[in-house]
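Working notes, structure below.
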Amino acid sequence: PMLLCTLPVADEHARFAVPAVYMSLVSQFDGTKSTDEAIAAFLADHPQYEAAWVRRLLEQSLIPKGLLILPEQDPRNA
């Protein structure tokens with residue numbers, strides 16, 4: 001299944017569809033887990049994925065699109 005995401009961009013909103021499993025990953029980032037802990041928690045629920053793939057998804061898609069942090073934000077200080 002797919003989910004529709006809406007993100008604020010300037011004075012408008014960007015809309016795009018993402019696989020629902022991506023939002024399961026995003027929800028692991030609750031402010032208490034490190035990236036490695038969030039990936040491990042996601043993989044516990046979704047063992048069909050590999051950690052390297054999840055990390056690439058985060059670094060090359062979810063973070064740049066602003067699903068986890070603002071694109072201009074330094075991920076080390078998020």
Pair listing, salt bridge (Lys or Arg N to Asp or Glu O under 4.0 Å) test, anchored in residues 15-32, at least two apart: Asp30-Lys33
Partners meeting ring-ring contact (aromatic ring centres under 6.0 Å, His included) with Tyr49 (sequence neighbours left out): Phe42, Trp53
Minimum-distance pair of heavy atoms, taken over all atoms of Met23 and Cys5: SD-SG, 3.9 Å
Worked verdict on Phe29 versus Thr35 for side chain to side chain contact (heavy atoms under 4.5 Å, CB included): CA-CA 8 Å; Phe29 290 86; Thr35 299; 4.0 Å; yes
Pairs involving residues 34-44, ordered by first then second residue, that meet salt bridge (Lys or Arg N to Asp or Glu O under 4.0 Å) (sequence neighbours left out): Asp36-Arg55
Gap between atom OG1 of Thr6 and atom CD of Glu12 - 0.5 Å precision: 12.5 Å
Minimum heavy-atom distance between Ser24 and His46, given as atom pair plus value: OG-NE2, 3.0 Å
Backbone N/O of Leu58 and side chain of Ser61: donor-acceptor pair under 3.5 Å: no
Atom pair CG (Leu57) and OH (Tyr22), whose distance is rounded to the nearest 0.5 Å: 5.0 Å
Atom of Ala41, atom of Gln28 and distance for their closest heavy-atom approach: CB-OE1, 3.1 Å
